[in-house]
Amino acid sequence: MDTNGADSPANPTPIVLEGIVRQLCLTATYNRTRMVLAPHILYQRGEALYVDAQVVSRDFVIPREEKIGTFKIDGLKGLTLTERSFAISKLFEPEAEKYAGTTLMAVETAVSAA
């Protein structure tokens, strides 16, 4: 069950990385809330890993407003990759200062080659 995290993968990082690279949603329980997340970037802050992701649904309810949230990887319980694809959020700012020098993987934003 979820109480001790026994159903979580030993190392959730590859699942998050695959979700970012393939632009596939993840499901997880975070702070006892079941979520579907669209992972946009994996980065390190201090000794911990974080993912910034768009919240697609929270306890099976679609949020009224689009939002990118920050989730500590260690806090994502029961993490699984889905086959549900996602579009990159307009709110995602890969050039944000908090990602400078800490980014491990991010979604590929379309850049026009001139």
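What you see is a predicted model, and the numbers here were worked out from it, not measured in a lab. Numbers for residues simply follow the sequence, beginning at 1.
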| message | With a sphere of 6.0 Å drawn around CD of Glu97, does it hold more than 12 non-hydrogen atoms of other residues, nucleotides or ligands? | response | no
| Okay, side chain of Tyr30, backbone of Lys72: is any donor-acceptor separation there less than 3.5 Å? | yes
Check: residues 53-64 side-chain donor-acceptor pairs under 3.5 Å, at least two apart:
residue: Asp59; atom: OD1; partner: Arg34; partner atom: N; Å: 3.0

| field | Partners meeting side-chain contact (heavy atoms from CB on, under 4.5 Å) with Leu17 (sequence neighbours left out) | value | Thr13, Leu42, Met105
| message | For a 4.5 angstrom cut-off between non-hydrogen side-chain atoms, does Ile41 reach Phe92? | response | yes
| said: Closer than 3.5 angstrom, by distance alone: can the side chain of Gln44 be matched with the main-chain N or O of Gly46 as a donor-acceptor pair? | reply: yes
| request: Kindly compute the distance separating CZ (Arg22) from CG (Leu24), expressed to the nearest 0.5 Å. | output: 4.5 Å
| task | Mind listing the closest non-hydrogen atom pair of Leu26 and Gly19 along with its distance? | result | CD2-CA, 4.3 Å
| query | Got a second to check how far Met35's CE is from Thr27's OG1, nearest 0.5 Å? | reply | 12.0 Å
| Is there a side-chain contact between Thr70 and Tyr43 (heavy atoms, below 4.5 Å)? | yes
| task | Could I get the full list of salt bridge (Lys or Arg N to Asp or Glu O under 4.0 Å) partners for Glu93, not counting sequence neighbours? | result | none
| task | Tell me, please, which residues at least two apart from Lys98 pass salt bridge (Lys or Arg N to Asp or Glu O under 4.0 Å). | result | Asp52
| So which pairs with a foot in residues 81-90 pass side-chain hydrogen bond (donor to acceptor under 3.5 Å, both in side chains), sequence neighbours left out? | Glu66-Ser89
| According to a 4.5 Å side-chain heavy-atom criterion applied to Ile, Leu, Val, Met, Phe, Trp and Tyr, with indirect links allowed, do Val36 and Val107 form part of one hydrophobic cluster? | no
| note | Residues at least two apart in sequence or cross-chain that pass side-chain contact (heavy atoms from CB on, under 4.5 Å) with Lys67, listed by chain then number, are none
| query | Hey, are the side chains of Pro39 and Ile20 touching, using non-hydrogen atoms and a 4.5 Å cut-off? | reply | yes
| field | Leu76 side chain reached by Val51 side chain, heavy atoms, under 4.5 Å | value | yes
| query | Atom CD in Glu47, atom CG in Asp74: separation rounded to 0.5 Å? | reply | 11.5 Å
| message | To check you understand the geometry: which heavy-atom pair defines the closest contact between Ile88 and Glu108, and what is its length? | response | CD1-O, 3.2 Å
